[in-house]
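Below, chain A is the first sequence line, B the second, and so on; all start at residue 1. For the numbers below, each heavy atom of this structure counts, side chains included, while hydrogens, waters and symmetry mates do not.
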Amino acid sequence: MIDVRLLRTDLESVRARMVRRAKPELLLQLDEAVALDVRLRELATERDTLRRQVNDLSKQVGQLRRDGRAEEADSAMSQSRELGEQERALATQTSEVDEQLRQVMLRIPNIISDEAPEGVSDEANPVIRVHGLDGRTFADHQRVPHWETGVALGILDNERAAKISGAMFTMLRGAGATMARALCQLALDRNADAFEEIRPPTLVTTATLTSTGQLPKFADDAYAIERDDLWCVPTAEVPLTSISAGEILDEVELPKRFMAYSPCYRRESGSAGRDTRGLLRGHEFDKVEILAYAAPEQGRTLLDEFVARAAGTIEALGLPYRVIAICSGDLGQSHHLSFDIEVYAPGCDKWLEVSSVSWFGDYQARRADIRFRRTGQKGTEHVHTLNGSALAVPRVLAAILENYRLPDGSVAVPDVLLPYMRGMTTIGPK
RNA sequence: GGAAGGAUGCCCGAGUGGCCGAAGGGACACGCCUCGAAAGCGUGCGAGGUUUUUGCCUCCGUGGGUUCAAAUCCCACUCCUUCCGCCA
């Protein structure tokens, strides 16, 4: 969440940036938060004054008892008792207001970076650069959607996936399954120079899913395991961000970098009927995520590095892609500044989002309470968090099945994947 | 799932209901000493809120309760350790 103190010191500037998100109701939420904050501080001050009186009296009781002045002790005691009752009433009120404020704050999105382009929806996202398409044309044999190729080659079996788990689940077989794993391995290997590999839990608590911003607002998008009060992670960002939750790091540790392969679970509640074929959208998919905790001044540079890393892997796979900037109206709740990487799939003639790289400022760190201490300085600051998909498997796989499709209907294995494919150089029909 | 023990500051660790935000030690920082260092000595050293400062308030796993007063007593929960059961 954003710093409540910004509402007291810099309200107009917060308001101006919320306006850019093009969601008018946000301003009302801000007003509500401001009012609650004012009320909270009034109540808290009053409560603390009473507490002080009770504390003082209680100390006196002890002292008077020791001095054998029983009558005075009794009188102080009953006085303290009365004030204590008032204090309790006020404390209850205070924590109610505190909780109300927290609930409002949890739903207020992050401050947008000045760098985020202006725009109301994803249609306004500007293309930053395009790679691998200059004057290029695609052959007819590449104009076959991956779901046809996948089924023909026996490496994609969504029919049986549906039998097992229902609609919007996918199943890879044979060389398809191998290639999915190869892609994970590739992404992990390419980032192992700078990131510690983690194999995190993928069922997490409500608190963990709240830290990254999925809860409370987007509960419908996540799978809940209610009996055990756990949630299936929609991305490894969730457990990775909470690794250092509640901790205070040393400045010298920053940036602290993690990467993880994990399955990702999404209900796709708002997308019924969209991209139902093939590998473009499923309830469960594999992804390799990279993430860093950083000092604020490191954030912007790291963001570029993350984009370069994600794009570099796509480039190494020989796939055409473009980088787009996410405009103000399309930026996610927790995001300060984001870039997406989209790969071109000639078979279905679509740009597929295969990576989203984001800088969160201290928005997540404040929720997760991740701080750091500057060397030689007193006090702590919240870290900045950044993360991005190093590689989202199904869509990259789809793009490979289309870009690398050969005239005879088989699919060539991209060179960088050869070491991971048990000697396979092409995927042919069984 | 059953039984027992535990959870205190960066770490270790003491703590009889009031004089405990917390002894002592280590680590760390600064100073003295030294050519320099080690050792010695001295000083400092948890976090957060509010506040111009002083101050005040909160925090001893979490949440409740008892009490004028809780790290200390009671209840529930969580996690850790060990044993039994079960199991990849």
Side-chain angles (χ1 to χ4, degrees), chain A residues 1-10 33-105 199-211 225-231 239 242-254 256 263 293 362 365-383:
Chain A
M1 59 202 133
I2 63 172
D3 191 344
V4 213
R5 278 170 294 201
L6 286 176
L7 301 182
R8 323 212 272 247
T9 59
D10 216 6
V34 170
L36 285 168
D37 180 50
V38 169
R39 177 98 181 103
L40 175 63
R41 279 181 297 152
E42 285 169 5
L43 285 169
T45 307
E46 215 177 315
R47 177 203 60 192
D48 286 354
T49 308
L50 275 172
R51 277 186 178 164
R52 181 191 174 178
Q53 290 168 357
V54 171
N55 287 345
D56 286 348
L57 282 166
S58 295
K59 278 190 189 126
Q60 282 174 34
V61 171
Q63 188 60 50
L64 290 167
R65 278 270 174 77
R66 257 170 277 134
D67 296 348
R69 295 150 74 180
E71 258 178 51
E72 291 167 77
D74 286 347
S75 132
M77 213 190 278
S78 61
Q79 208 185 334
S80 174
R81 192 178 343 211
E82 269 173 45
L83 287 172
E85 274 164 35
Q86 290 177 41
E87 189 272 334
R88 258 190 294 281
L90 210 48
T92 307
Q93 249 188 86
T94 308
S95 52
E96 279 167 11
V97 172
D98 193 24
E99 182 54 26
Q100 284 169 29
L101 175 59
R102 185 181 136 77
Q103 287 308 320
V104 174
M105 288 302 289
R199 187 22 271 227
T202 51
L203 300 184
V204 300
T205 62
T206 297
T208 296
L209 202 62
T210 303
S211 291
I225 301 172
E226 288 180 21
R227 188 162 69 154
D228 297 294
D229 193 24
L230 289 168
W231 303 77
S242 283
I243 283 181
S244 297
E247 298 183 12
I248 299 173
L249 307 172
D250 285 330
E251 185 180 15
V252 291
E253 295 178 74
L254 304 179
K256 198 174 173 73
Y293 305 142
D362 62 7
R366 184 166 282 108
R367 285 168 167 249
D369 190 25
I370 308 169
R371 290 169 288 163
F372 77 103
R373 203 189 317 270
R374 291 197 189 267
T375 311
Q377 285 187 30
K378 251 185 103 67
T380 56
E381 294 171 49
H382 287 100
V383 300

Inset, instruction - Take atom P in A37(B) and the same atom in C28(B), then report the distance between them in whole Å. - result: 15 Å
Inset, instruction - Compare the minimum distances between each of C68(B), G18(B), U50(B) and the side chain of Arg41(A), then state the nucleotide with the smallest one. - result: U50(B)
Inset, instruction - For Asp98(A) and U50(B), give me the distance from atom CG to atom P, rounded to whole Å. - result: 11 Å
Inset, instruction - Please state how far atom CD in Glu72(A) lies from atom P in G18(B), giving the value in whole angstrom units. - result: 21 Å
Inset, instruction - May I ask you to verify if any side-chain N or O of Arg371(A) is less than 4.0 angstrom from the OP1 or OP2 atom of G48(B)? - result: yes
Legend entry - Nucleotide nearest Met77(A) (side chain, heavy atoms from C-beta), chosen from C57(B), C68(B), U50(B): C68(B)
Inset, instruction - Syn or anti for G17(B), please, going by whether the chi angle lies within 90° of 0. - result: anti
Legend entry - P-based separation of G61(B) from G21(B) [nearest Å]: 15 Å
Legend entry - Minimum-distance nucleotide to Arg8(A) side chain [options: A69(B), U50(B), G18(B)]: U50(B)
Inset, instruction - Take atom P in C32(B) and the same atom in G13(B), then report the distance between them in whole Å. - result: 35 Å
Inset, instruction - Report the distance from atom CG of Asp250(A) to atom C1' of C28(B), rounded to the nearest whole Å. - result: 11 Å
Legend entry - For Ala33(A) against Leu7(A), the heavy-atom pair lying closest together: CB-CD1, 3.7 Å
Legend entry - Shortest non-hydrogen contact between Ile248(A) and Arg373(A), atoms and distance: CG2-NH2, 3.7 Å
Legend entry - Span that lies between the P atom of G25(B) and that of G40(B), in whole angstrom: 12 Å
Inset, instruction - Using a 4.0 Å heavy-atom cut-off across all strands, classify Thr380(A) as base, sugar-phosphate, or nothing. - result: sugar-phosphate
Inset, instruction - Answer yes or no: does a side-chain N or O of Asn55(A) lie under 4.0 Å from OP1 or OP2 of U58(B)? - result: yes
Inset, instruction - Would you kindly give the CD-to-P distance between Gln60(A) and C19(B), to the nearest whole Å? - result: 14 Å
Legend entry - Distance-minimising heavy-atom pair for Ser242(A) and Thr208(A): OG-CG2, 3.4 Å
Legend entry - C1' spacing across the pair C73(B) / G18(B), given as an integer number of angstrom: 14 Å
Legend entry - Listed nucleotide nearest any side-chain atom of Arg66(A), set C68(B), A47(B), C19(B): C19(B)
Inset, instruction - Taking the side chain as every heavy atom from C-beta outward, state whether Arg41(A) and Asp37(A) have any atom pair closer than 4.5 Å. - result: yes
Inset, instruction - Tell me which of Arg47(A) and Leu57(A) sits closer to the 5' end of RNA chain B, going by the nucleotide each one is nearest to. - result: Arg47(A)
Inset, instruction - Identify whether any heavy atom of Arg65(A) sits under 4.0 Å from a base atom; if not, whether one sits that close to sugar-phosphate; answer base, sugar-phosphate or nothing. - result: base
Inset, instruction - Would you mind reading off the distance between Phe372(A) atom CZ and A47(B) atom P, rounded to a whole angstrom? - result: 14 Å
Legend entry - Which residues share a side-chain contact (heavy atoms from CB on, under 4.5 Å) with Arg374(A), sequence neighbours left out: Glu251(A), Pro296(A), Glu297(A), Phe372(A), Gln377(A), Glu381(A)
Inset, instruction - Using only side-chain N and O atoms of Arg373(A), determine if any of them is under 4.0 Å from OP1 or OP2 of C10(B). - result: no
Legend entry - Interatomic distance, Lys59(A) NZ vs G17(B) P [rounded to whole Å]: 19 Å
Legend entry - Test side chain to side chain contact (heavy atoms under 4.5 Å, CB included) applied to Leu230(A) and Val204(A), Leu209(A), Thr205(A), Thr202(A), the passing residue: Thr205(A)
Legend entry - Residues Arg52(A), Asp56(A): salt bridge by 4.0 Å N-O rule: yes
Legend entry - Nearest-nucleotide 5' precedence on RNA chain B, Asp37(A) against Ser78(A): Asp37(A)
Inset, instruction - Report the distance from atom CZ of Arg51(A) to atom P of A70(B), rounded to the nearest whole Å. - result: 11 Å
Inset, instruction - Using the C1' atom on both, measure U8(B) against A88(B) and round to a whole Å. - result: 38 Å
Inset, instruction - Please report, rounded to the nearest Å, how far the P atom of U50(B) is from the CZ atom of Arg5(A). - result: 6 Å
Inset, instruction - Give each stem of RNA chain B as a range with a range, requiring at least 3 consecutive Watson-Crick or G-U wobble pairs whose two distances are under 3.5 Å. - result: B:1-7 with B:78-84, B:10-12 with B:24-26, B:28-31 with B:41-44, B:46-50 with B:55-59, B:61-65 with B:73-77
Inset, instruction - Assign Asp74(A) to base, sugar-phosphate, or nothing according to its heavy-atom contacts below 4.0 angstrom with the strands shown. - result: nothing
Inset, instruction - For Arg51(A) and Glu87(A), indicate whether the former's side chain and the latter's backbone hold a donor-acceptor pair under 3.5 Å. - result: no
Side-chain polar contacts of residues 68-79 of chain A - donor-acceptor pairs under 3.5 angstrom, sequence neighbours left out - could you list them?
{"from": "Arg69(A)", "atom 1": "NE", "to": "Glu72(A)", "atom 2": "OE2", "distance (Å)": "3.0"}
{"from": "Arg69(A)", "atom 1": "NH2", "to": "Glu72(A)", "atom 2": "OE1", "distance (Å)": "3.0"}
{"from": "Ser78(A)", "atom 1": "OG", "to": "Ser75(A)", "atom 2": "O", "distance (Å)": "3.1"}

Legend entry - Integer angstrom distance from the C1' of U16(B) to that of C12(B): 23 Å
